[in-house]
**Q** 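Once you've had a glance at the structure underneath, I'll fire off some questions.
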Number of protein chains: 2
Amino acid sequence: MASRTIENYLKQIYLSRPADETQWLTMGKLSAAVGVTPGTATSMVRAISDAHLVEYEPRAGVRLTPAGEQLALHVLRRHRLIELLLVQVLGLDWSEVHDDAEELEHVVSDRLLAKIDEILQHPAFDPHGDPIPTAGGVVRRQDCCTLLDCPLGEPTSIARILDQSAEFLQYVNQCGLLPGAEIRVASRNHQAQTVELMVIKSDENQLVAMSFSVAEKFLVQLNERKK
Amino acid sequence: MASRTIENYLKQIYLSRPADETQWLTMGKLSAAVGVTPGTATSMVRAISDAHLVEYEPRAGVRLTPAGEQLALHVLRRHRLIELLLVQVLGLDWSEVHDDAEELEHVVSDRLLAKIDEILQHPAFDPHGDPIPTAGGVVRRQDCCTLLDCPLGEPTSIARILDQSAEFLQYVNQCGLLPGAEIRVASRNHQAQTVELMVIKSDENQLVAMSFSVAEKFLVQLNERKK
DNA sequence: CAATTAACTTTGATAAGACAAAGTTAATTA
DNA sequence: TAATTAACTTTGTCTTATCAAAGTTAATTG
Ligand SMILES: [Mn+2]
Ligand SMILES: [Mn+2]
Ligand SMILES: [Mn+2]
Ligand SMILES: [Mn+2]
């Protein structure tokens, strides 16, 4: 069995992998993501490579093998199912579940995870809108764009929040921009680098403005998200 | 913060402590309870003693300090609240929650534990009838006797099961001897070393026989247990 | 193209936690 | 009391995971 350290490395290698699948993840990025010094990342990756969970090319970087990717997806599945459990069943706020899930993801047994999945009725998305890999290790791809590149004026909805820090999520709470929220992007000002959007609520609508850099953290969908 | 290893040692020192409070727990008993070799227990206990969580007297044994006992009780509280959560909220069988709780007890945050306690409405007993220490580290003492020494013929109820192995608990399930079950001890046969008792159910009563050694694993109460 | 620099790897050290095997203590038996 | 034995401690070694600091590579810049 992979240690919790190895599980964390594999998960970060998966999450930090470059968009271009032919590229390698550099050791610098990995060590920053895991939160260790570069030398530590190098020696750990060598060990994980001996276990055939990653390919490692000195001075190029690291890449998951199929076995490593399956393991990474299992950890991610545990993380996201646990987050959803903490929110939906235990009533924690979605801004405060990440750190607990970061630990719990390494100790929840398959049996317990199956129960959690059953109680939540086999959900497809976690509280932040991140897709939950299936037990078989398949990630359903969302076709999303960000608040920066989605069409103006059309009714869309928030699908996913990419910044999961507690402070940012509390700001998102205040704006009412949780996953599922209905919005219309009103305008973009390239000189001011701001986006203005209308949050459509049952009682009243709310106008929200944010910078391009923040707008990039929201993924939206034109069509309704299917549960 | 105490490592998970230290938490496990402290908990076992608490659970295995001799009934007579002036006695020390021997290293042999401790190493067996933790599941390590005697030498490992000695060196770990020395380290824990340096942290003033136990007193250690070579060749006499080990004893918790007040600080160590508080920590042990916090671990025990986490363990038992988690077990109850797994049974009551996630619907696992009480015979299969122990191993998950053994891991989860080390990673559940105070915040999450408070939520669990709230959802379960501040329970006093876990699924096996073991008392849950309060957040302040107080254990409510039950005045129980075992099926071996309780009075014959009187209506009593099962309060607690001391053997928590999955196989034994499944046997207990079959007999319907879960905590709270109402019974009457019919007879004891000292030659055969057996106890016969009546399990009082809503539909029909059931006669169960067991050896003295098994009967000792059941604690019972004459008065109804208060929640 | 040489010098500089950023990114990476190697080396040496440390800490926690474990085991095996050898050594010690103290109780038990003869 | 001497020999035996059970229980315990010590010693030496191992594994995993980490850092700091020194060394290396390769890209960038003058
Ligand atoms: Mn983690
Ligand atoms: Mn998430
Ligand atoms: Mn434990
Ligand atoms: Mn229990």
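Order of the sequence lines fixes the chain letters, A, B, ..., with proteins taken first and strands second; residue numbering starts at 1 for each chain.
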**Q** Before you tell me yes or no, could you show the steps for Met27(B) and Val45(B) under side-chain contact (heavy atoms from CB on, under 4.5 Å), namely the whole-Å CA-CA distance, both residues' side-chain angles and the distance that decides it to 0.1 Å?
**A** CA-CA 9 Å; Met27(B) 301 308 284; Val45(B) 163; 3.5 Å; yes
**Q** For Ser31(A), which contact category applies under a 4.0 Å heavy-atom criterion: base, sugar-phosphate, or nothing?
**A** nothing
**Q** In this structure, how many angstroms lie between the P atom of dG17(C) and the CG atom of Asp50(B), rounded?
**A** 13 Å
**Q** NA contact type, Thr26(B), heavy-atom cut-off 4.0 Å: base, sugar-phosphate, or nothing?
**A** sugar-phosphate
**Q** Are Lys11(A) and Glu102(A) within salt-bridge range, i.e. N to O under 4.0 Å?
**A** yes
**Q** What nucleotide among dT9(D), dT18(D), dT9(C) has an atom nearest to a side-chain atom of Pro58(A)?
**A** dT9(C)
**Q** Measure from CG on Leu30(B) to P on dA7(D) and round the result to the nearest Å.
**A** 15 Å
**Q** Side-chain N or O of Thr40(A) less than 4.0 angstrom from OP1 or OP2 on dC19(D)?
**A** yes
**Q** Could you give me the CA-CA distance, side-chain angles and deciding distance for Glu7(B) and Arg78(B), then say whether salt bridge (Lys or Arg N to Asp or Glu O under 4.0 Å) is met?
**A** CA-CA 11 Å; Glu7(B) 287 190 348; Arg78(B) 292 199 290 258; 2.8 Å; yes
**Q** Determine: side-chain N/O of Tyr9(A) to OP1/OP2 of dT16(D), distance under 4.0 Å, yes or no.
**A** no
**Q** Across the strands shown, which category fits Arg46(B) at heavy-atom distances under 4.0 angstrom: base, sugar-phosphate, nothing?
**A** sugar-phosphate
**Q** Using whole Å, report how far CD1 of Ile6(B) lies from C1' of dA16(C).
**A** 9 Å
**Q** Rounded to whole angstroms, how far apart are CD1 on Ile48(B) and P on dA15(C)?
**A** 18 Å
**Q** Nearest whole angstrom, please: distance from the P of dA6(D) to the NZ of Lys29(B).
**A** 16 Å
**Q** It should be established whether Ser3(B) places a side-chain nitrogen or oxygen under 4.0 Å from OP1 or OP2 of nucleotide dG17(C).
**A** yes
**Q** Output the single nucleotide from dA17(D), dC8(C), dT9(D) whose closest atom is nearest the side chain of Thr5(A).
**A** dA17(D)
**Q** Any salt bridge linking Arg4(A) with Glu103(A)? Criterion: basic side-chain nitrogen under 4.0 Å from a carboxylate oxygen.
**A** yes
**Q** The side chain of Tyr56(B) is closest to which nucleotide in this list: dC8(D), dT10(C), dT9(D)?
**A** dT9(D)
**Q** Mind calculating the distance between CG (Asn8(A)) and C1' (dA17(D)) to the nearest angstrom?
**A** 12 Å
**Q** Quick one: label Gly28(A) by what it contacts on the DNA or RNA (base, sugar-phosphate, nothing), any heavy atom closer than 4.0 Å.
**A** sugar-phosphate
**Q** Looking at dC8(D), dT9(C), dA18(C), which one has an atom nearest to any side-chain atom of Arg59(B)?
**A** dC8(D)
**Q** Should we say atom NZ of Lys217(A) is surrounded by more than 12 heavy atoms from elsewhere, each under 6.0 Å from it?
**A** yes
**Q** To the nearest Å, give me how far apart CD (Glu7(B)) and P (dG17(C)) are.
**A** 11 Å
**Q** Could you please name the option among dA26(D), dC19(D), dA18(C) that lies closest to any side-chain atom of Thr37(A)?
**A** dC19(D)
**Q** To the nearest angstrom, how far is Met44(B) atom CE from dG17(C) atom P?
**A** 5 Å
